[in-house]
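Per chain, numbering begins at 1; letters A, B, ... match sequence-line order.
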Amino acid sequence: MADRPAERLQSLTGMRDVLWPESARRRELVDRFVGTASAAGYREVVPPLLEDLRVFLRVGEATDVVTKEMYEFTDRDGTRVALRPELTAGVVRAFVQHRPLTPWKVFYTGSNFRHERPQKGRYRSFDQVGIEAIGSDDADLDVEVIALAWRFFEDIGLTEVQLLLNTLGEHDDRARYTEAVRGHLGAHRDSLSEAARTTLERNPLRVLDSRRPEDRAAVATAPTIAEFLSPAASQHFARVKEGLEALGIPYTIDERLVRGLDYYRRTTFEFAAMALDAAQNAIGGGGRYDGLAESMGGKPTDGIGFALGVDRMLLAADAESVFEAPEAHLDAFVVDLTGGAAARDITHELRAAGISADRRFDPGSMKSQMKAADRSGAGHAVIVGEDELAAGEVTVRVLRGHSDTAGESVQERVRRQDLVAHLQQRR
RNA sequence: GUGGCCGUAGCUCAGUCCGGUUAGAGCGCCAGGUUGUGGCCCUGGAGGUCGGGGGUUCAAGUCCCCUCGGUCACCCCA
């Protein structure tokens, strides 16, 4: 067989690698979210990536997410399973399974999978951060959940975010409203786009947020949810709005806001990044899902939560020129001109003392090592030459951006055994 | 799933319309200038299956077909 170079393998469509420094931004974003959620009493839950297919079917059999976009397959033992397309279903399943004390306030971070055609801000594997609060129908909880997302956007510096708010009413309200919409759109069937006519069959409410121009007229004259709300649902919604106003969180009522998953009841909301001109400008969304726990075999339990898209928040941050990638940083970079043993030992010693340190392998000339030191973002170069080695010393040189005297280089000899203390002091 | 646009060095791109000697630039990388001192500057260098396959031709990065990938929009959604 002739030698032929192996095919260069690459990531799957819609899946990508996140390399530094972008990875550092993501890490920072997720860490900040964990801080925000924890500080409000939410505790982490880590559901599995793979679930019994039925967990997700409960999310809504009429939704594209479930019917067309799921990575599902039959496991070796014949079980029908799926990679999670979102996190709420798994979290509610966990709630039903473990019966924790309520209200169960949890946060999560992790990847989801949807087999869609990728585009800007939409990948087949995408990360979300989110929270769920299960076991209370207090409207103030709706307010807390929304406020927490709002706080988080402020924390990472996003300012051009619009909160879109709506209510879908109680289960029965939603059902009656759905029928009314079906009736109305059915009467205007001829003017609807073909896609809308298909959608109308299985999920009339979804037609309401169609972007197609042909559908606009019929949608504009469609009945609104307001007239179908029960007194209880109206009151709940009023309290949510009142709470948001009290906290100074601006919102826009959007009666067309239906959201893609079938389980939503009462409060629904979405966060739109106004700085993004891309089609995918929703950076997060959520709502109440009273009834979901019941559908998974649990007792009827109210819940509310949101999920925020990590990629889209970062795109929005780019558009607003905020939340930039942190620069590389190290306390010290060890430059060894004596063969490498000193670098090996000093680097190890510094790290053990809690001082961040790196060095160059296959070290090359001093110049090349100094360049590497500069690139590493290190505050100091710890230089070991034959002189220093013989004297039991090292040279500590202050590098760019850490020098007190602008432009002037500063360096001094330090006894080897004083190096750790010296660097700790300079930090 | 449907449609438009695009694949040339690690990155950003020129060259493709009108086929023609060793395929270029900037940035980055490496080395030297500075035999123990980074950044700035100067000089030099390495680095390319021109996405892949097939076809037309004396000759293909350039033309044709297929295919893979990317991107944007629709759909849908974070």
Side-chain angles (χ1 to χ4, degrees), chain A residues 4-16 19 62-69 85-88 110-130 149 193-196 198-199 203 206-207 209-213 215 258-261 270-273 276-286 306-316 333 335-338 360 362 364-378 380-389 395-403 406-411:
Chain A
R4 195 197 285 169
E7 185 184 356
R8 194 152 54 199
L9 301 177
Q10 53 186 9
S11 56
L12 296 169
T13 294
M15 314 253 175
R16 72 260 168 75
L19 274 45
T63 63
D64 283 7
V65 168
V66 169
T67 56
K68 302 196 309 206
E69 301 170 359
E86 55 112 42
L87 272 147
T88 302
S111 300
N112 302 291
F113 302 87
R114 293 181 194 173
H115 191 100
E116 305 174 273
R117 196 70 173 265
Q119 68 188 76
K120 195 174 190 65
R122 186 174 75 187
Y123 309 97
R124 289 183 176 176
S125 167
F126 63 101
D127 284 7
Q128 288 183 330
V129 298
S193 65
E194 194 184 327
T198 313
T199 308
N203 199 342
R206 289 238 48 84
V207 179
D209 56 15
S210 163
R211 290 169 189 251
R212 293 168 292 261
D215 302 335
V258 171
R259 306 207 31 81
L261 304 170
E270 192 165 292
F271 300 101
L276 285 179
D277 54 1
Q280 317 297 334
N281 73 342
I283 57 175
F306 65 69
L308 311 178
V310 171
D311 295 300
R312 292 192 187 173
M313 285 191 284
L314 290 172
L315 284 173
F333 194 98
V335 172
D336 184 357
L337 310 173
T338 66
R360 177 156 170 168
D362 309 306
S365 68
M366 180 175 196
K367 178 171 179 164
S368 72
Q369 292 189 57
M370 287 300 292
K371 277 174 80 101
D374 187 52
R375 237 186 336 241
S376 76
H380 307 87
V382 173
I383 303 165
V384 186
E386 298 298 346
D387 291 357
E388 288 89 341
L389 196 64
T395 294
V396 176
R397 180 180 175 84
V398 179
L399 295 179
R400 175 183 55 173
H402 304 271
S403 175
E408 278 301 298
S409 56
V410 176
Q411 66 183 43

Would you classify A:Phe333 as touching base, sugar-phosphate or nothing, given that sugar-phosphate means primed atoms plus P, OP1 and OP2, and contacts are heavy atoms under 4.0 Å?
nothing
Within the 4.0 Å heavy-atom criterion, would you say A:Glu69 contacts the bases, only the backbone, or no part of the nucleic acid?
sugar-phosphate
With a non-hydrogen cut-off below 4.0 angstrom, is A:Gly286 in contact with a base, only sugar-phosphate, or nothing?
nothing
Do any side-chain nitrogens or oxygens of A:Lys367 fall under 4.0 Å of OP1 or OP2 in B:U37?
no
Over all strands shown, is A:Glu270 touching base, sugar-phosphate only, or nothing at heavy-atom distances under 4.0 angstrom?
nothing
Expressed as a whole number of angstroms, how long is the span from A:Tyr123:OH to B:G69:P?
17 Å
Short question: side chain of A:Arg124, backbone of A:Met15 - any donor-acceptor pair under 3.5 Å?
no
Please confirm whether any donor atom in the side chain of A:Arg312 sits under 3.5 Å from an acceptor in the base of B:C77, or the reverse.
yes
Just N and O in the side chain of A:Arg375: are any of them under 4.0 Å from OP1 or OP2 of B:C29?
yes
Among A:Gln128, A:Lys120, A:Arg16, A:Arg122, exactly one meets side-chain hydrogen bond (donor to acceptor under 3.5 Å, both in side chains) together with A:Asp311. Which residue is that?
A:Arg16
Quick one: A:Gln10 CD to B:U67 C1', roughly how many Å, whole number?
13 Å
Looking for any heavy atom pair under 4.0 Å, which part of the strands does A:Gly130 touch: base, sugar-phosphate only, or nothing?
nothing
Whole-Å distance, A:Phe126 CZ to B:C76 C1', equals 11 Å
Could you check which nucleotide pairs with B:G1 in any of the strands shown, counting Watson-Crick or G-U wobble with both distances under 3.5 Å?
B:C74
Applying a 4.0 Å non-hydrogen cut-off, can you work out what A:Asp311 is touching in the nucleic acid: base, sugar-phosphate, or nothing?
nothing
Give a yes-or-no answer on whether the side chains of A:Thr395 and A:Gln411 include a donor-acceptor pair shorter than 3.5 Å.
no
Which part of the nucleic acid, if any, lies within contact of A:Ala373, taking any heavy atom under 4.0 Å across all strands shown: a base, the sugar-phosphate backbone alone, or nothing?
nothing
Base, sugar-phosphate, or nothing for A:Leu308, non-hydrogen atoms under 4.0 angstrom?
nothing
